[in-house]
Every structure is written in structure tokens, then in C-alpha cells.
Amino acid sequence: MGVGGTSPAAGKTIVVGTKDRASNRVVAEPIQRTDRETLHGFVQDYAVPDAAVHTDDHPSYRGLPRHKAVKHSVGEYVKGQAATQGTDSFRSMVKRSYHGTFHQFSPKHLHRYSNEFSEWHNVRDRETLRQMALLTAGLDGEGL
């Protein structure tokens with residue numbers, strides 16, 4: 001399980017995400033703080049028991065069980081089996097969409113953007129018709 005996010009500027013919301021190596025699924029959600037309690041809680045909410053957790057070297061991740069960190073701060077991105085390329089790739093896709101399409105994400109709706117980008121990622125390898133079927137099934141009962 002790779003976990004990634006960046007430190008928010010004062011008063012800013014950021015998105016933290018995780019990618020499961022086995023299933024290739026991504027989960028992302030907005031957070032207000034990058035303190036130990038918040039980041040450990042995120043990992044505990046989404047990691048399966050006994051999962052190896054790989055993160056960057058943000059100090060708030062220290063103390064996680066089965067944790068290994070890569071030191072992005074010194075240009076390290078892989079250290080043995082520890083790597084965060086999955087979440088880094090996901091974050092890159094979100095940033096490209098932000099700069100190229102949306103130009104702004106409303107903090108009020110950031111959870112919706114996070115869910116949408118996660119689902120795009122999670123169905124990207126499926127055939128187009130299957131993607132459309134999943135999309136329309138998700139709209140059932142939803143107001144526009």
C-alpha cells in the first residue's frame with residue numbers, strides 16, 4: 001500500500017491518497033491536517049491488516065506498523081520494495097486535470113473530485129462499454 005499527499009499551506013485542504021498494489025485500486029480523500037493522528041487514521045481506515053505501508057518521508061507517518069519510507073526530500077523514490085510511484089502517478093493525473101481542465105477545485109466539493117478521480121483510475125483498464133455501464137449504475141437514484 002502506497003500513501004501520498006503533500007503538506008497543506010495554512011488553512012488549505014489537501015488530498016491524501018493510497019493505492020493497493022494487489023488490486024491496483026486508489027482511494028483519495030481531503031484532509032485538513034497532516035499530523036500523525038490524521039495520517040495514521042487514514043492508513044488504518046484503508047489498509048488491510050498486516051499490509052506493508054510505503055510512504056514518503058513525512059514525519060507524521062513514523063510509527064505506522066510495517067512501514068517503510070522513501071526519502072523524496074533527497075530525491076529517493078525507490079528503496080528496496082518500498083516505493084510510492086502508484087500514488088505519485090495518481091497525483092500527477094489529478095494535477096494534469098486540475099491545470100488542463102478544471103483550473104480550480106472548490107474546497108466545498110473536493111471530496112467529490114477525489115471520488116471522481118479515484119473512480120476514473122479504478123476503471124481505466126476496463127472496456128469503454130463496461131466503464132459506461134458502471135457510470136450509469138452509479139447515477140441511479142442521484143439527482144443532477
Side-chain angles (χ1 to χ4, degrees), residues 1-126 130-131 133-144:
M1 171 182 174
V3 181
T6 56
S7 296
K12 298 287 183 177
T13 301
I14 67 156
V15 174
V16 65
T18 182
K19 182 175 183 181
D20 182 286
R21 283 188 181 180
S23 68
N24 213 24
R25 289 191 51 82
V26 167
V27 174
E29 69 179 37
I31 59 173
Q32 295 293 323
R33 296 178 314 280
T34 57
D35 61 350
R36 184 175 204 257
E37 181 181 350
T38 302
L39 293 177
H40 280 233
F42 176 80
V43 171
Q44 290 168 353
D45 286 346
Y46 295 105
V48 296
D50 298 324
V53 178
H54 303 156
T55 70
D56 63 17
D57 56 337
H58 192 287
S60 294
Y61 291 122
R62 291 183 191 142
L64 284 167
R66 298 188 48 139
H67 176 244
K68 292 182 181 175
V70 292
K71 295 183 179 183
H72 286 181
S73 61
V74 296
E76 179 180 73
Y77 295 93
V78 177
K79 182 174 166 183
Q81 291 295 313
T84 59
Q85 284 110 331
T87 52
D88 293 343
S89 173
F90 174 73
R91 184 173 49 237
S92 176
M93 185 258 314
V94 173
K95 283 184 175 182
R96 283 191 310 274
S97 293
Y98 175 84
H99 292 293
T101 304
F102 296 100
H103 308 294
Q104 180 178 351
F105 293 156
S106 163
K108 177 180 175 182
H109 299 289
L110 194 53
H111 65 288
R112 291 187 170 117
Y113 288 107
S114 300
N115 291 340
E116 182 175 351
F117 283 110
S118 296
E119 284 307 309
W120 283 356
H121 178 278
N122 293 337
V123 301
R124 74 189 188 288
D125 292 334
R126 299 196 178 158
R130 182 66 183 138
Q131 289 180 13
L134 290 168
L135 172 69
T136 55
L139 292 174
D140 187 32
E142 296 292 324
L144 296 178

For a quick test of reading the model, state the closest non-hydrogen atom pair linking [X] to [Y] and the distance between them.
| X | Y | value |
| --- | --- | --- |
| His58 | Thr34 | CE1-O, 3.2 Å |
| Ser118 | Ser114 | OG-O, 2.9 Å |
| Ala82 | Lys68 | CB-CB, 3.7 Å |
| Ala69 | Asp57 | CB-CA, 4.3 Å |
| Tyr61 | His40 | O-NE2, 3.6 Å |

Asp45 atom CG, over 12 foreign heavy atoms within 6.0 Å: yes

Sole candidate of Asn122, Thr87, Asp88, Asn24 that passes side-chain hydrogen bond (donor to acceptor under 3.5 Å, both in side chains) when paired with Lys19: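 Option passing the side-chain hydrogen bond (donor to acceptor under 3.5 Å, both in side chains) with Lys19: Asn24.
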
Residue from Arg21, His67, Gln81 passing side-chain hydrogen bond (donor to acceptor under 3.5 Å, both in side chains) with His54: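 Output: one option passes, namely Arg21.
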
Is there side-chain contact between [X] and [Y], with heavy atoms separated by less than 4.5 Å?
| X | Y | value |
| --- | --- | --- |
| Arg33 | Ile31 | no |
| Gln32 | Thr38 | no |
| Val94 | Phe105 | yes |

Geometric class of the Phe90/His121 ring pair [parallel <30°, tilted 30-60°, perpendicular >60°]: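 Geometry flag for Phe90 against His121: perpendicular rings.
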
Ring geometry between Tyr113 and Phe117 (parallel below 30°, tilted from 30 to 60°, perpendicular above 60°):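 It falls in the parallel class, under 30°.
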
Keeping the roles fixed (side chain from [X], backbone from [Y]), state whether a donor-acceptor pair exists under 3.5 Å.
| X | Y | answer |
| --- | --- | --- |
| Arg25 | Asp20 | no |
| Gln131 | Arg126 | yes |
| His72 | Thr55 | no |

Glu119 with Arg124: basic N within carboxylate O range, under 4.0 Å: no

Full working for side chain to side chain contact (heavy atoms under 4.5 Å, CB included) between Val70 and Tyr77: CA-CA 6 Å; Val70 292; Tyr77 295 93; 5.6 Å; no

Rounded distance [0.5 Å steps], NZ in Lys108 versus OG1 in Thr13: 14.0 Å

